[in-house]
**Student:** 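The structure is given below, and queries will be raised subsequently.
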Amino acid sequence: MTHLLLGDEFWSDPVVIALSDKAFRLHVCGLDYVTGKETGGFMLGGVVRMLVPTFRPAAIHELVKGGLWQAEA
């Protein structure tokens with residue numbers, strides 16, 4: 001079993017502070033998913049709906065805009 005380790009200052013990163021609650025939840029769930037599944041940081045689009053059933057596309061746009069996520073090329 002793998003574990004997700006967030007740095008002591010994760011919560012105080014200005015980009016993280018600026019996230020909406022929905023984007024923050026999606027980001028943390030996404031980090032946990034890619035760590036646990038050892039995907040190398042990649043996640044298929046369908047996984048997002050599984051992680052956060054109340055998912056809204058705006059949350060992904062927020063994470064991409066903040067530089068925390070990258071859209072697939």
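As the structure is a computational prediction, the values presented were derived from the model and not from experiment.
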**Student:** Got Leu51 and Met43 here, is their nearest side-chain heavy-atom distance under 4.5 Å?
**Tutor:**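 They are in contact (side-chain heavy atoms under 4.5 Å apart), so the answer is yes.
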
**Student:** Using 0.5 Å steps for rounding, measure from the CH2 atom of Trp69 to the CG atom of Leu31.
**Tutor:**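 Atom-to-atom, Trp69:CH2 and Leu31:CG are 8.0 Å apart.
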
**Student:** Taking the side chain as every heavy atom from C-beta outward, state whether Leu63 and Leu19 have any pair of such atoms under 4.5 Å apart.
**Tutor:**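 The answer is yes; the side chains approach within 4.5 Å.
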
**Student:** Say you draw a straight line from NE2 of His3 to CG of Asp32; how long is it, rounded to the nearest 0.5 Å?
**Tutor:**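 Going from the NE2 atom of His3 to the CG atom of Asp32 covers 10.5 Å.
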
**Student:** Kindly indicate whether the side chain of Phe42, heavy atoms from C-beta on, has any atom under 4.5 Å from the side chain of Val34.
**Tutor:**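 Contact flag for Phe42/Val34 side chains = no.
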
**Student:** Does atom CZ of Phe55 have more than 12 heavy-atom neighbours from other groups under 6.0 Å away?
**Tutor:**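 Yes, because the 6.0 Å sphere around CZ of Phe55 holds more than 12 heavy atoms from other groups.
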
**Student:** Atom NZ of Lys22 and atom CG of Leu26: how far apart are they, to the nearest 0.5 Å?
**Tutor:**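 CG of Leu26 is found 10.5 Å from NZ of Lys22.
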
**Student:** How far apart are the closest heavy atoms of Phe24 and Val16, and which atoms are they?
**Tutor:**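 Result for this residue pair: CE1-CG1, 3.6 Å.
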
**Student:** Can you tell me how far the CG atom of Leu6 sits from the NE2 atom of His27, to the nearest 0.5 Å?
**Tutor:**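 Answer rounded to 0.5 Å: 8.0 Å.
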
**Student:** Just wondering, are more than 12 heavy atoms of other shown residues or ligands nearer than 6.0 Å to CG in Leu44?
**Tutor:**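 Open: at most 12 neighbouring heavy atoms sit under 6.0 Å from CG of Leu44.
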
**Student:** Taking side-chain hydrogen bond (donor to acceptor under 3.5 Å, both in side chains) as the definition, give me every residue that meets it alongside Ser12, ordered by chain and number, with sequence neighbours left out.
**Tutor:**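 With neighbours one apart ignored, the set is Glu9.
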
**Student:** For Gly66 versus Val15, what's the shortest heavy-atom pair and its separation?
**Tutor:**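 So the minimum-distance heavy-atom pair works out to O-CG1, 3.4 Å.
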
